[in-house]
Asker: 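The structure's right below; bear with me while I get my questions together.
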Amino acid sequence: MGLWAFGGWDWGISDLQWVGDIDGDGSIEAVVPDPVSDVSPVRFRVFRWRDQAFHHVRTAALFPTSKDEFGWSDKAQGKTWVGAFKKGLVGVVWTTTPEGEVSLKEARLEGTPRGFRVLQWLK
């Protein structure tokens, strides 16, 4: 799959999930997940608007760095990660157990220069 590819395939969907000044630097960023067809961490492509176009900044997953923070990481595996973004600046957090079970939680998020901070865990 190419860097600028968006759409749906047999192995997952790559859609525009978040647009805004995510990290507080004054520039608009766009966040797009790489398609994933199994229960594994999602890598997001981040683009930043400058010079009248979006430019690729990074492709990375969001893993916990503390109880209420998720940071960009090049790691490919983990037990907890942000798996998607929903309307209203809500992130869907996936957690797996050694037994192979998965739980999903939602949190209202705020962007930071290093990733995202949980403002509120939702029911």
Asker: Tell me the closest heavy-atom pair linking Asp21 and Gly24, and the distance in Å.
Answerer: OD1-N, 3.0 Å

Asker: Working to the nearest 0.5 Å, report the span between OG of Ser27 and CZ of Phe47.
Answerer: 15.0 Å

Asker: What heavy-atom pair brings Val42 and Pro33 nearest, and what distance separates the two atoms?
Answerer: CG1-CB, 3.8 Å

Asker: Please name all residues satisfying ring pair (Phe, Tyr, Trp, His ring centres under 6.0 Å) with Phe85, sequence neighbours left out, ordered by chain then number.
Answerer: Trp18, Phe44, Phe116

Asker: Identify every side-chain donor-acceptor pair in residues 93-103 under 3.5 Å, counting partners at least two apart or on other chains, and give the distances.
Answerer:
| unit_1 | atom_1 | unit_2 | atom_2 | d |
| --- | --- | --- | --- | --- |
| Thr95 | OG1 | Thr80 | OG1 | 3.2 |
| Thr96 | OG1 | Lys79 | O | 3.4 |
| Thr97 | OG1 | Glu99 | N | 3.3 |
| Thr97 | OG1 | Glu99 | OE1 | 3.3 |
| Thr97 | OG1 | Gly100 | N | 3.4 |
| Thr97 | OG1 | Glu101 | N | 3.1 |

Asker: Can you name the residues that form a ring pair (Phe, Tyr, Trp, His ring centres under 6.0 Å) with Trp121, not counting sequence neighbours?
Answerer: none

Asker: With side chain to side chain contact (heavy atoms under 4.5 Å, CB included) as the criterion, how do Trp81 and Leu62 come out once you've worked through the C-alpha distance, each side chain's angles and the decisive distance to 0.1 Å?
Answerer: CA-CA 6 Å; Trp81 64 88; Leu62 286 162; 5.9 Å; no

Asker: Using atom types as modelled, flag every donor-acceptor pair under 3.5 Å from a side chain in residues 105-113 to any protein atom, sequence neighbours excluded.
Answerer:
| unit_1 | atom_1 | unit_2 | atom_2 | d |
| --- | --- | --- | --- | --- |
| Glu106 | OE2 | Lys86 | NZ | 2.6 |
| Arg108 | NH1 | Gly88 | O | 2.9 |
| Glu110 | OE1 | Arg117 | NH1 | 2.4 |
| Thr112 | OG1 | Arg114 | N | 3.2 |
| Thr112 | OG1 | Gly115 | N | 3.0 |
| Thr112 | OG1 | Gly115 | O | 3.4 |

Asker: Give every residue pair that meets the salt bridge (charged side-chain N to carboxylate O under 4.0 Å, His left out) criterion with at least one member in residues 46-70, sequence neighbours excluded.
Answerer: Asp23-Arg48, Asp25-Arg48, Glu29-Arg48

Asker: What closest approach, in Å, do Gly71 and Thr65 show between heavy atoms, and which atom pair accounts for it?
Answerer: N-CG2, 3.7 Å

Asker: Transitive ILVMFWY cluster of Leu119 at side-chain heavy atoms under 4.5 Å: who else is in it?
Answerer: none

Asker: Could you tell me which non-hydrogen atom of Phe63 sits nearest to which non-hydrogen atom of Ser73, and how far apart they are?
Answerer: CD1-CB, 3.7 Å

Asker: Membership question, hydrophobic clusters at under 4.5 Å side-chain separation (ILVMFWY): are Leu122 and Val92 in the same one?
Answerer: no

Asker: Indicate if Val19 and Val90 have the same hydrophobic cluster label, given that clusters are the connected sets of ILVMFWY residues with side-chain heavy-atom separations under 4.5 angstrom.
Answerer: no

